[in-house]
Structure formats: C-alpha cells, structure tokens
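Okay, so here's the structure we're looking at.
When a ligand or atom number is given, it counts from 1 through the structure's own listing order. Residue numbers run from 1 in the order of the sequence given.
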Amino acid sequence: MRGIEAVIGLEVHAQLKTKTKMFCGCPNSFGQELNTFTCPVCLGLPGALPVLNAKAVELAVRLGLALNCRVHERSLFARKNYFYPDLPKGYQITQYDSPLCTGGYLDVEAGGETRRIGIRRIHLEEDAGRSLHDEACKRTRIDFNRSGVPLVEIVTEPDISSPEEASAFLKELRSILLHLRVSEGTMEEGTFRCDANVSVRMPGDSTLGVRTELKNMNSFKNVRRALAYEISRQASLLASSRPVVQETLLWSASARRTVPMRSKEESHDYRYFPEPDLPPLLVDRMLIDRVRASMPELPSERRRRFMRQYGLSDYDASQVIATPELADYFEECCSLVDAPTDIAHWITTELVRVMGESGDTPLTTRVRPSMLTALVSLVKAGRLSGLMAKEVLGRMSKTGEDPAAAMEDLGVEQMGDEDEIRAAVRGVIDAHPDEARRYREGKTQLAGFFVGEVMKVTSGRADPKLAIRIVREILDS
Ligand code: ADP
Ligand code: MG
Ligand code: ZN
C-alpha cells in the first residue's frame with residue numbers, strides 16, 4: 001500500500017556445527033533413528049547436570065566478530081520456563097539479560113543500495129526436541145536427538161523496511177554462517193530458522209507501530225511471501241483506522257496467508273531466572289583474539305577478491321561464492337588453467353546442473369577440478385563445441401571419466417583440424433547458392449545462417465568461432 005512504511009526485525013536461530021550437543025556428550029547429529037542420541041542431560045532427567053560445550057562458545061564468538069558485535073567477556077545463562085512435550089526439563093537454557101554478543105551490524109545489498117542492519121544481540125541457547133505430527137493416526141512422536149543441540153539466536157534491530165531487504169539480509173547471514181563453517185544454514189531442514197516481527201506506520205512517524213510476530217516460514221520464498229502478506233494486511237487495518245493486535249501468527253504456505261496462533265507472550269510469562277547449574281560464561285580476551293586472528297575470509301571479502309584477482313563480474317563472483325565449497329572448487333580450477341571467466345560460467349551453470357542431477361556437492365562430484373579444466377580447455381581450443389561439451393560433462397559426472405574417455409564413449413570425435421571444418425563450410429555454401437549470392441551482394445548477416453548449417457552437418461562438433469572465420473574467408477574472397 002502506498003505511503004505506508006513497513007518495519008521489520010528478525011530473530012534467526014542457527015544450529016551450530018559442533019560434534020556434540022550443548023551441555024552433554026551426545027552426538028550433534030540427527031535424521032537418524034529417533035531417540036538414539038540421548039542421555040540423562042538432554043532428556044532432562046532430574047539431577048543431571050549440564051556442562052558447557054567450549055566449541056559452541058568459540059563458534060558463537062566467531063559469528064559475533066564477523067557481525068561486528070561486541071563480545072562480552074562475561075555473560076549469563078538463564079532458564080526460560082514453559083511447557084511443551086518436546087521440552088522435557090520444562091525450561092530451555094538460554095541467555096536473557098546478559099547475552100554473549102551485542103551491538104553489531106551487517107551491511108546488505110538490496111535494490112541496488114547498501115543498507116546497514118543493526119544486530120541487537122547474539123546469544124547461545126539449546127534446541128528443543130522435534131515433534132513429528134502424524135496426521136494419519138492422529139499421534140505425535142517426539143525425537144529427542146535434537147534436544148540440547150547448540151543454537152545461536154541472532155536478533156536484529158527493527159531496521160529492515162521490505163520483504164526483499166529481509167530476504168537479502170537472511171541470504172547474506174546464511175552465506176556468512178556457511179563461510180565461517182559455523183552452521184549448515186539449511187532453512188528447509190530447520191538448521192536455519194527465522195521469525196519475523198512486523199509493524200507498519202505512516203512515513204515520518206518516529207514511534208513504532210504495534211507488531212505481530214510471524215513464525216513457520218521455512219524457505220526464503222515463504223519469508224518474502226509471509227512478510228508481503230502481513231504488511232498489506234496491517235496496512236489495510238491502518239488505512240481503515242482499525243487497530244493491529246499484538247499476536248503471534250503462523251504462515252500457512254498452502255493457504256498463502258497468516259493465521260493467528262496465540263496472543264503474544266510477554267517475557268514475564270517465561271519467569272526467566274539465572275541458571276543455577278551453570279557458572280557465568282567467561283570468555284577471556286585471549287580466546288577472542290585467537291578467534292579473530294583465525295577468522296576465515298568473509299563471503300563479501302571473497303567476492304571482492306574474486307572480482308579483483310580473477311576479473312569476474314559482480315554477478316559471476318556472487319554465483320561462485322554461493323557456498324565456500326564451490327568457491328574452493330573454482331580457485332582450484334583457476335590454479336590449473338588461466339581462464340577464470342570461462343571456468344566461472346561452466347561451474348555456475350553446467351557443473352551446478354549435473355551436481356543437482358546426481359545429488360552431489362563440489363566435494364563429492366566425480367568431476368574433479370582437473371577434469372573440468374581439461375574440458376574447458378578443449379572448448380577454448382575449439383576442439384569441442386559448447387553443445388557437445390555439455391553432453392560430455394554429463395557423462396563425466398556419471399562415470400568419473402576424464403573428457404577424452406567420455407568423448408570416446410559417446411563417439412564424439414574432436415573436430416581437430418581446420419580442413420575438416422573448411423570442407424563442411426564448402427559443402428554448406430554449395431548447397432545454398434541463393435544465400436551465398438545474397439551474402440556477396442552485401443547481406444553479410446547471413447554468415448550466422450551458414451554457421452548454423454555447418455553446426456547441423458557436423459552435429460555440433462565444429463567450433464563456431466572457427467566456422468564463422470572460414471565462412472567469411474570463403475565468401476569474402
Ligand atoms: P521479544 O523478546 O518479545 O521477541 P524484542 O523486543 O526483543 O522482543 O524484539 C524482537 C525483535 O522484534 C527484534 O528483532 C526487534 O527488532 C523487533 N521489533 C521490536 N519491536 C518492533 C516493532 N514495533 N516493529 C517491528 N519489529 C519490532
Ligand atoms: Mg520474539
Ligand atoms: Zn545427551
């Protein structure tokens with residue numbers, strides 16, 4: 001709605017990539033058989049005592065520094081009390097009024113502009129179990145493998161002003177989590193989850209409007225859709241002078257609308273109090289300095305370096321750094337052959353496609369960097385057309401063969417010498433005397449037509465650049 005301003009603040013939960021859980025030695029791993037990684041601590045049995053996972057603290061410090069936060073040398077754990085079947089202790093251990101990190105920011109690009117989004121806080125907490133609702137038999141099962149998995153919660157300032165900006169923020173944050181190797185960051189699998197607080201106001205208003213909180217958005221697309229829906233819902237309330245009710249809403253992806261879940265809880269509902277079983281969390285300067293010194297390159301830095309060092313466009317560079325593994329793959333290719341732009345294109349289009357088909361990652365695909373660079377070199381040398389090369393790549397991905405072997409199996413001959421192409425060009429010109437005459441009379445755009453015909457008679461094996469040169473050579477003489 002025109003003339004109404006949206007205000008958005010996000011709360012993001014990301015699971016930390018540790019070997020073990022937050023407060024016990026159970027493996028941090030699920031998707032396996034239900035309830036196999038549990039112990040008295042993460043099942044909440046009375047008397048079991050938590051011991052803090054040092055790696056989780058280190059990962060949270062790494063994230064805090066990357067998001068320009070102040071990392072506090074002393075912070076506190078608290079109990080957040082509520083009842084739910086997947087929370088066996090009846091409380092969640094989290095951080096409340098004294099979190100690990102505060103006061104950071106993240107710069108994101110949205111709509112051609114760079115916006116600075118404030119980070120209010122980052123704190124550590126434990127995940128709850130996972131409820132599995134079985135509609136068919138009207139039962140809910142609970143998997144405690146997730147109970148006690150370490151999380152960071154990242155809370156922004158209400159600095160976001162549109163669904164697109166929210167989505168850009170989440171994508172940049174996810175990319176940072178991946179590049180820092182702090183979290184897997186998969187929204188669909190719930191290792192990266194986001195709640196959004198939304199309000200609207202008239203432009204120029206300095207006070208914030210009443211907000212609602214949106215939950216249950218498990219993809220970037222759903223975040224954008226849910227926010228757009230909720231902003232226009234609130235805008236029409238405002239336009240007709242009806243009040244926005246402060247409440248928690250669920251996004252229904254199937255109905256494409258938000259549905260009320262409960263009236264908004266207040267923090268006093270949770271009866272927070274300091275966790276008596278854990279001492280204050282002390283993070284000394286030395287640890288912070290050590291984490292800072294070993295900080296991996298951030299995605300924004302890596303993108304800029306790729307543009308500088310390899311001459312990639314902004315767009316190509318951001319495609320290549322989609323994941324750190326893809327970026328590493330690209331750099332390995334570049335160390336083998338000097339053709340960064342071609343390599344970037346082959347990786348972000350064809351390699352990504354064949355990996356999608358075989359369900360592989362850059363680490364597991366059978367097309368190793370040396371094999372991809374060999375293929376790209378063949379194309380660049382005009383020994384293989386782009387079209388054929390795609391087919392060859394598909395075969396390489398299935399069999400793990402190098403380009404030469406894959407070409408032999410596919411019966412693809414390299415169109416090696418110029419004479420062969422020259423013969424094909426002559427044949428095509430002889431077969432199309434009219435076009436040849438019109439070309440000679442000045443309609444030189446017909447060169448493209450001849451190249452197309454050459455590609456047809458050579459089943460795509462000719463190098464189009466060489467073919468066009470020969471077409472011109474013959475017709476211009
Ligand atoms: P709670 O603890 O109830 O979730 P907080 O006050 O800590 O609430 O805020 C949580 C999130 O809501 C933050 O990201 C904050 O920026 C955002 N937020 C707070 N007030 C508003 C508002 N009026 N409109 C939009 N977002 C808001
Ligand atoms: Mg909240
Ligand atoms: Zn355990």
Side-chain angles (χ1 to χ4, degrees), residues 4-13 18-30 35-45 48-53 56 67 78 80 82 88-89 92-97 99 102-106 117-123 125-129 143-150 153-163 165-166 169-170 173 194-202 205-215 223 226-227 230-231 234-235 238 243-249 262-270 272:
I4 285 179
E5 202 175 87
V7 177
I8 301 165
L10 300 175
E11 295 166 89
V12 179
H13 289 91
T18 54
K19 290 207 177 66
T20 54
K21 291 185 180 181
M22 184 76 157
F23 298 117
C24 62
C26 292
N28 171 8
S29 164
F30 46 94
N35 298 309
T36 43
F37 299 140
T38 57
C39 74
V41 173
C42 54
L43 287 175
L45 303 191
L49 290 172
V51 178
L52 180 60
N53 183 333
L67 296 182
K80 178 179 180 177
Y82 65 94
K89 294 197 297 295
Q92 176 195 32
I93 303 180
T94 179
Q95 296 194 295
Y96 180 53
D97 47 14
T102 56
Y105 63 85
L106 176 60
I117 311 296
I119 305 290
R120 184 175 285 181
R121 57 187 281 155
I122 302 175
H123 68 250
E125 60 185 34
E126 58 176 340
D127 211 342
D143 181 11
F144 288 109
N145 286 350
R146 200 178 75 176
S147 169
V149 163
E153 178 172 340
I154 302 137
V155 183
T156 76
E157 293 296 338
D159 288 347
I160 301 169
S161 58
S162 70
E165 221 172 276
F169 172 87
L170 289 172
L173 177 59
C194 162
D195 299 338
N197 295 269
V198 190
S199 63
V200 295
R201 62 181 174 189
M202 297 308 285
D205 272 5
S206 54
T207 53
L208 294 172
V210 174
R211 73 177 142 139
T212 58
E213 182 165 350
L214 303 182
K215 290 185 178 289
V223 169
L227 284 172
E230 181 58 15
I231 290 166
Q234 289 188 18
L238 190 69
V244 172
V245 177
Q246 180 160 348
E247 60 187 344
T248 301
L249 304 164
R262 57 173 183 238
S263 64
K264 171 90 179 108
E265 70 289 346
E266 302 283 345
S267 62
H268 61 244
D269 295 327
Y270 289 117
Y272 282 98

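Within the listing of ligand 1, atoms 4 (O), 10 (C) sit less than 4.0 angstrom from a heavy atom of Glu11. Per-residue contacts place Glu157 under 4.0 angstrom from the following atoms of ligand 1 (heavy atoms of the residue considered): 16 (O). Listed by number with element, the atoms of ligand 1 under 4.0 Å from a non-hydrogen atom of Gly209 are 23 (N). Of all the atoms in ligand 1, the ones that sit under 4.0 Å from a non-hydrogen atom of Ser199 are 22 (C), 23 (N), 24 (N), 25 (C). Ligand 1 places these atoms under 4.0 Å from at least one heavy atom of Thr156: 13 (C), 14 (O), 15 (C), 16 (O).
Residue Arg120 places a heavy atom under 4.0 Å from ligand 1.
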For this session: Apply side chain to side chain contact (heavy atoms under 4.5 Å, CB included) to the pair Phe37 and Ser29, showing each step before the final yes or no.
Result: CA-CA 8 Å; Phe37 299 140; Ser29 164; 3.8 Å; yes
Problem set entry | side chain to side chain contact (heavy atoms under 4.5 Å, CB included) assessment of Thr38 paired with Asn145 | CA-CA 6 Å; Thr38 57; Asn145 286 350; 4.2 Å; yes
Exercise. Do His13 and Asp127 pass the side chain to side chain contact (heavy atoms under 4.5 Å, CB included) test, and can you show the C-alpha distance, the side-chain angles, and the key distance before you say yes or no?
Worked result: CA-CA 9 Å; His13 289 91; Asp127 211 342; over 6 Å; no
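The residue from Arg211, Glu153, Glu213, Arg121 that puts a heavy atom closest to atom 8 (O) of ligand 1 is Arg211. Around atom 12 (O) of ligand 1, the closest heavy atom drawn from Thr212, Val7, Asn197 belongs to Asn197.
Contacts of Val210 with ligand 1, taken as heavy-atom pairs under 4.0 Å, are absent altogether.
Listed for the Arg121 side chain is a donor-acceptor partner under 3.5 Å among the backbone atoms of Tyr96.
Atom CD of residue Gln95 and atom OH of residue Tyr272 lie 11.5 Å apart, to the nearest 0.5 angstrom. Once rounded to the nearest 0.5 Å, the distance linking CG of Asn197 with CD1 of Ile8 reads 10.0 Å.
The aromatic rings of Tyr82 and Tyr270 lie perpendicular to each other, with more than 60° between the two planes, well past the 30° mark.
In terms of polar-atom proximity, defined here as any N/O pair under 3.5 Å, Val198 makes no such contact with ligand 1. Residue Val155 has no nitrogen or oxygen atom sitting less than 3.5 Å from a nitrogen or oxygen atom of ligand 1, judged on distance alone.
In this structure, the side chains of Glu11 and Glu213 come closer than 4.5 Å at one or more pairs of heavy atoms.
Remark: at the Zn ion (ligand 3), atom SG from Cys26 and atom SG from Cys24 enclose 110°, rounded to the nearest 10 degrees.
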